[in-house]
Structure formats: structure tokens, C-alpha cells
Amino acid sequence: MAGDDKYSKIMELARRRGFFWPSYEIYGGVAGFYDLGPYGVLLKRRIIEKWRRFFIHEHSEYVVEIETPIVGPSRVYEASGHVESFTDPIVACTKCGRRYRADHLIEEKLGVNVEGLSPQEMTRIIRENNITCPACGGPLGEVKLFNLLFKTQIGPYEGSIGYLRPELAQGMFVAFKRVYEAMRSRIPIGIAQIGRVGRNEISPRQAMMRLREFTIMEMEYFIDPEDREGSCPFLHRMEGVKMRIHRHGAEEAEWYTLEEAISEGVIIHPCLGYWMAVAQRFVESLGVPRENMFFEEKGPEERAHYSSQTFDQMVKVSRWGWVEVSGHSYRGDFDLSRHMKYSGQDLTVFKPYPKPVKVKVRKVIVDRAYVGRNYKSRAPEILREAQSLDPDTVERMLEEKGYIEVSGAKIPREHVKIIEVEEKVSGRRFIPHVVEPSFGTDRNVYVAFEYAYREKGDRVILAFPRDIAPIQATVLPLVEKDEELKRKARTIYQELINHGYTTIYDDTGSIGRRYARSDEIGVPAAITIDYQTLEDDTVTLRDRDTWKQARIPTSNLAQALHDFIYKNKPLEEIEKQYNPQKQS
RNA sequence: GCGGCGGUCGUCUAGCCUGGACUAGGACGCCGGCCUGCCAAGCCGGAGGUCCCGGGUUCAAAUCCCGGCCGCCGCACCA
């Protein structure tokens, strides 16, 4: 089992100290599910808060957050394409166990398209044509449907099928119009959501990296496809940021500045690039050096059905090499179009021009009386079609043939007119395009955990970036048995709690042992109450990473801690600022 | 889903091949006591185990056999 490799040590620590472990342990466990323990929950919460800050709060003029249900009616996932393209007919070889897409196999062997056939029919075709395993020649089993969507039933009616969402996106698309209007109908608008999703993976593995149920942090950023520059008003914030991008088909990943990547067409849209740059900053701030990440462009066959360009943000981890921590897709208008079609609702937006524009429009005018007399009940259809024809085409037809032909009806030249009218247009309607950055939260929790892992001699330290550490400060009376020190320590502990710090009080064991315990769960600050505290009301603030200590008056402690944790100030600077007497 | 390897106190592990003095041993951690003026010190005591689950073989199973579950690795899968 666990050897002495890094991964084993990490998992052992995660379990022992209460960060995370496989779920349902006492029942033998179920693959693909993980529990988060007390410190795991805190770590995840801080990572989520950080994501909120980076993606939502810092763009709050444009980005909002919503929350939508986990269970959705089947129509939603029919519209999104998941019911169709998440379901594969699969057939297994009974001899070697290899699995194949049944439809692909039949098409390959017989050259016939069997799309839409039932599994029973496909099984019959395989039997009748003696199709065997392409690898070992063994007999194939029954064709079965496999869908990665978790299926359930809404209410007591069996026909009412519900699915667990496999991504958050559909929630934002379905609610798009409402949110857009509530936010005063402005484009661009980002709609973010953080929540749980379920995917019934065939064989989840790799601990928390591939789960059947997990938390996603995702944004759908809706833009005007005709306004490239205006879509990303904050682009300049990431000016000059370098990203390593592995283009599809390229030998190696290369460094590009954001501007280069956009102007050279490596990234097809500025917004896509901008959010990738933010993503890079975000993952860096979880403790991953820039050198240990890159963006990988997915090829057409690896992309999801809705995407015209996708990049995966990859991070290097000890056990599995490069793993995906976020995905960045240009989804175009695929989703909104589909939902328009399936729901029958208008999900377009209207964007006014600065001034209404007068445009000359050519229109096809058909003599209604003529058509009505000659075609009676077919007239409405014919009229509708005739008037939707392009005026230029009509003009050409009239010139060449002397009549136009629609739905089999011939309308002679004298009953068709092309007129030019002036129309006032105050804006345009369009279906917004969507840029989507999407993060697997649990993967990022694991990554932050792994990157925090340090060994110092035979001691283990979780060197989390200070602002994501689950516990922010430990309060320690120097000696276990001194009642006065303990009383003072309790008071200080309570004060830090009152200031909102997640704090631990610990008075059992030697001071060294307690520092070690504190380091092992990654607490950045240890506050020690010693005999000098009783004299001059100062305490020591110990830095988890350097083991250095500064002396701070208790009256300044909360503020000093704030600078230490959230502004990441070095200890020396903190001491200078909050204990001026000390510098001599 | 296939193949390989594995599963023993909270954690790491000894024992398994060669069945029985195993009432399953140790270390770390945890709890209590003594000690302790700054980096896992020491001493004493304590709690803690469905030996993954089910079945079989046997007088006797942690140990052998079969099935399942879970984990890791390879293959397949991963909109």
C-alpha cells in the first residue's frame, strides 16, 4: 500500500489530520466519492472565496453570481445535448473485456449508419453479421446504453425524468434572460455559479481528481459577438501577462504574452484569453508556480459538442503528471440557440445603437389579391415564403424568367414589386456568445494541498499561502501548567475569535510539539503567550515558514495578523510597524 | 469493464509463504499524571482492532481457496 512516495504521504496526512478521505468508509467505500473533513472544508471554503474574489468581486460591474437547482427536468438536458451525446451504446468483448462503441463498430464493419437504433437492434445486427472483437476476435456481448448523467424521477410520476446536472452551465443559460434583465439588460455580463454536479463516471480513480460528485466554480461570460474589443473592458489589467500555451498539433508549449496570443490568433477571442490569464493568477495564488502549469488546446475531436475552442489549464502533480484544473471554452451561441429552440422562448438581447440609424431596406411586395384568387387556401404559405425571399434573388428570377416560383406557385412579374423603404433601426438583436472558464474545485483543493506539502527534517509542514490556510492562528501558552499564562492565552484566543479569525487554542504537550502540530495543519501564525506577556502585554508571533518570531503588543495583534495573513507582509515588516519600540 | 498488485488499532506497520501457544505484536499519534521558560525531550499509566465483506476448506483461518467491495498501476473510458 502506502510506500514512501509523496502521494502516499500526502494522502496519509490528509486522512490523519482530517482534510479528506474516501466516503462511506465503514461500508467499504464507494469509488468516486470523497469526504472533506474539518480542515478540508475550511481549505475548500477559502479557495472558493478566493475564486469569488478573482472572478466575481474584482469584476463586479460585469459579473454576478447565481444559484440554480442540482436536479433539472429532462428537457433541459435534451436541449443541452447531454441526453444525446452523453449516452453511448457500448458493447464489450466477452473474452478480453475490451469495450467499444457499438454504433462505431457496426458502421466500420458494415458501412451502415445505425444511429438511433435500439440496443436490442444493434445486438441483433452484430449477431447476424458475426461481428467479433477487433482486437482478439472473441464474441461480443449485449449492446448496452451507458449514460454519464445520473437519472432520477421528479415527484411521483414515472414519466417525469430528472437529471443531476453534469455541469453548472445550463443553469446559467436557462436563467440567462431573467438575470440579464434584472441586471438592467447590459452586455457583456458574466453569470457565475459555484455548486455541486454529478457525473456517473465509468471508472473514477485518482483520488479527488476524478469524482462522481464534485464542486464546480464556473462562469458563463455573455458577449456581443460583433464587439470583440468592448467585450473585455478589463483586458488591460492582464497586459503583458505571460502564459505557456500548448497549441493543438504543436510539438511543445510556448510562452506568449496575452496580447501576442490574441493578435497571433492562438486564442480566438480576447475574453477567452483574459479569463485564462485570471485563471493562471488564481492557480498561482493557490501555491502553484507558473512553471508548473500550462494551457493545452484541445483538438476538434477532443472538444465538447458545443465548443469551437477549448483550453485546459494543466498543473503538474507528483503522482499523475499533468492534470486539468480548469477548462476554458468558447461556446459560441450553441447553448442559447438550443434553449431557444427547445423552449420556444426568445433569448436574444437587444443592443441599442448610440443613435437610431436610418437604413434603406429593399422589400419584396407580392400582390396579395392575385395570390389569394389563384391559390386560395395555399395563399398564406405562399405569401409568407415569397416575402421572406432575398430581394436580389427575386430581382434576378424576374429578369431571367419573368416570374418567381415559391412552393410550386408561379407569380408573374406584374404581381411582384421590389420597393425601397427607409426604416428607423434603433439597435440590433442577437444571441450572445459565451466564453466559459470552469474550475474543478476539489482538484484545486488537492493541488493546493500537495503544493503546500513540505518536509523539514522529520517534520511535515503544510505551507499554504497564508490566505487559504484553514486555520489562521494558533494561540499557545508557553508552559502547559501555568494557570496565569493559560488564562491570558484564553483571553487572547477569544479576542482573535471575536475579530473573525479561525483560531485554535492548544495547551497540551511541550511548546515544540505544539508548534509541530500547528505546522502540520498549515497554520501560518502561532501566537505564544510567555512570561514577558504578563509583564508588558506583548506576545510573540511565529511565522510557520521561517520559524522566526516577532514581538507584538496584544492591542495591535488583530491588525498585525490581518497584514500578515491577507497582505502577506513579512514578519520583520510587521514587527517594525506594530511594535515601534522594538526597533532600537 | 479487463489484467496485475494490495487491504491488519486513528496512522504506519509485524505476523500470511510454512494454518494452532495471536488473548493479533510494535512504532507514532491520542487521552490522563509527573516534568517542561520556545521547536515532535523524558518517565508512568490508559483508551483504541468487524485482521475489508461474504462464503468455503479444516478439529482449528489474519494466514489456504472462491466471490464481492475498495485502493493503486496498465489497458479501455473520461460530453
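The figures that follow rest on heavy atoms only: side chains count, while hydrogens, waters and symmetry mates do not. Within every chain, numbering begins at 1; the chains are lettered A, B, ... in the order of the sequence lines, protein sequences first and strands thereafter.
rC64(B) and rC72(B) have their P atoms separated by 24 Å, given to the nearest Å. Taking the P atom of each, rU11(B) and rU50(B) are spaced 11 Å apart, rounded to whole Å. A distance of about 7 Å separates the C1' atoms of rC31(B) and rA47(B), rounded to the whole Å. Nucleotides rG4(B) and rG42(B), compared at atom C1', are 48 Å apart to the nearest Å. For the C1' atoms, the distance linking rA61(B) with rU8(B) amounts to 14 Å, nearest Å. Here the separation of rC59(B) from rC2(B), taken at their P atoms, is 35 Å to the nearest Å. Comparing rG48(B) with rC43(B), their C1' atoms are spaced 22 Å from each other, to the whole Å. Nucleotides rG67(B) and rC73(B), compared at atom P, are 24 Å apart to the nearest Å.
Across rC39(B), rU36(B), rG32(B), the shortest atom-to-atom separation from the side chain of Thr508(A) is found for rG32(B). Among rG71(B), rA41(B), rU36(B), the nucleotide with an atom closest to any side-chain atom of Ala31(A) is rG71(B). Nearest nucleotide to the Arg551(A) side chain, out of rC73(B), rC38(B), rA41(B): rC38(B). Relative to the side chain of Arg15(A), the nucleotides rU11(B), rC72(B), rC78(B) differ in distance, and rU11(B) lies closest. Closest contact between the side chain of Arg205(A) and the listed nucleotides rU36(B), rA40(B), rC2(B) involves rC2(B).
With hydrogens and angles left out, the side chain of Glu25(A) and the base of rC70(B) share no donor-acceptor pair within 3.5 Å. Scanning atom types as modelled, no donor and acceptor separated by under 3.5 angstrom connect the side chain of Arg514(A) and the base of rC38(B).
In this structure, Asp507(A) atom CG and rU36(B) atom P are separated by 16 Å, rounded to whole Å. Rounding to whole angstrom units, CG of residue Asp5(A) and P of rC5(B) are separated by 20 Å. The nearest whole Å value for the distance from the CD atom in Glu12(A) to the C1' atom in rG10(B) is 10 Å. Following rounding to the nearest Å, Met209(A) (CE) and rC73(B) (P) show an atom-to-atom distance of 12 Å. Atoms CG (Leu485(A)) and P (rC38(B)) sit 12 Å apart, rounded to a whole Å. Across the protein-nucleic acid pair, Arg459(A) atom CZ and rG29(B) atom P stand 12 Å apart, rounded to whole Å. For the pair Leu148(A) CG and rG1(B) C1', the computed distance is 14 Å after rounding to whole Å. Taking atom CG of Asp482(A) as the reference point, atom P of rU36(B) lies 12 Å away to the nearest angstrom.
Nearer the 5' end of RNA chain B, as judged by each residue's closest nucleotide, is the contact made by Val460(A), out of Arg303(A) and Val460(A). Position along RNA chain B of the nearest nucleotide to Tyr34(A) versus Tyr27(A) favours Tyr27(A) as the more 5'-ward residue.
Ring centers of His328(A) and Phe295(A): under 6.0 Å apart, within the cut-off.
Relative to the ring axis of Tyr505(A), Arg490(A) places its NZ or CZ within 45° and under 6.0 Å from the centre.
Residues passing the salt bridge (charged side-chain N to carboxylate O under 4.0 Å, His left out) test with Arg75(A), sequence neighbours excluded: Glu78(A). Arg17(A) is linked by a salt bridge (charged side-chain N to carboxylate O under 4.0 Å, His left out) to Glu520(A), counting only residues two or more places apart in sequence or in another chain. Residues meeting the side-chain contact (heavy atoms from CB on, under 4.5 Å) test with Asn292(A), sequence neighbours left out: Val288(A), Pro289(A), Lys316(A), Tyr451(A). Applying the ring-ring contact (aromatic ring centres under 6.0 Å, His included) test to Phe464(A) and every residue at least two apart in sequence or in another chain returns nothing. In this view, Glu296(A) and Lys298(A) satisfy the salt bridge (charged side-chain N to carboxylate O under 4.0 Å, His left out) rule, not counting sequence neighbours. Applying the ring-ring contact (aromatic ring centres under 6.0 Å, His included) criterion to His269(A), with sequence neighbours excluded, gives Tyr330(A). Residues passing the salt bridge (charged side-chain N to carboxylate O under 4.0 Å, His left out) test with Arg303(A), sequence neighbours excluded: none.
Nucleotide rC17(B): unpaired (no Watson-Crick or G-U wobble partner with both distances less than 3.5 Å). The nucleotide rC22(B) finds no pairing partner, because no Watson-Crick or G-U wobble arrangement with both distances shorter than 3.5 Å includes it. Nucleotide rC5(B) has rG71(B) as its partner under the Watson-Crick or G-U criteria, with both atom distances under 3.5 Å. Taking a pair to require two hydrogen-bonding distances under 3.5 Å in either a Watson-Crick or a G-U wobble arrangement, rC43(B) pairs with rG33(B). The partner of rC28(B) is rG10(B), by the rule that a Watson-Crick or G-U pair needs both atom distances under 3.5 Å. Summarising the base pairing, rG54(B) is matched to rC66(B) through a Watson-Crick or G-U wobble pair whose two defining distances lie under 3.5 Å.
For rA21(B), the base is syn relative to its sugar; the glycosidic angle is within 90° of 0.
Screening Arg15(A), Arg16(A), Met208(A) for a side chain to side chain contact (heavy atoms under 4.5 Å, CB included) involving Trp21(A) leaves a single residue, Arg15(A).
Sorted by residue number, the members of residues 525-547 of chain A with any non-hydrogen atom under 4.0 Å from RNA chain B read Thr528(A), Asp530(A), Tyr531(A), Thr540(A), Arg542(A), Trp547(A).
Contact check, Trp21(A) against rG10(B): no side-chain N or O comes under 4.0 Å of OP1 or OP2. For the pair Arg319(A) and rC73(B), the criterion of a side-chain N or O lying under 4.0 Å from OP1 or OP2 is met.
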Without placing hydrogens or testing angles, list every side-chain donor-acceptor pair under 3.5 Å for residues 67-74 of chain A, not counting sequence neighbours.
| residue | atom | partner | partner atom | Å |
| --- | --- | --- | --- | --- |
| Thr68(A) | OG1 | Gln193(A) | OE1 | 3.2 |
| Thr68(A) | OG1 | Gln193(A) | NE2 | 3.2 |

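Residue Leu478(A) is in base contact, counting any heavy-atom pair closer than 4.0 Å across all strands shown. In this structure, Leu13(A) reaches neither bases nor backbone, as no heavy-atom distance under 4.0 Å exists between it and the strands shown. Here Pro166(A) lies in heavy-atom contact (under 4.0 Å) with a base.
Counting only heavy atoms from C-beta outward, the side chains of Val434(A) and Asp335(A) never approach each other to under 4.5 Å.
Between Phe19(A) and Tyr39(A), the angle of the ring planes lies from 30° to 60°, which puts this pair in the tilted group.
Sequence neighbours left out, the pairs with a member in residues 526-535 of chain A that pass salt bridge (Lys or Arg N to Asp or Glu O under 4.0 Å) are Asp530(A)-Arg551(A).
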Heteroatom pairs (N/O) under 3.5 angstrom, protein to nucleotides 24-28 of chain B:
none

Polar-atom pairs under 3.5 Å, protein N or O versus N or O of nucleotides 44-47 of chain B: list them with distances, or write none.
none

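Judged by distance alone, the side chain of Thr310(A) and the main-chain N or O of Ser329(A) form no donor-acceptor pair under 3.5 Å.
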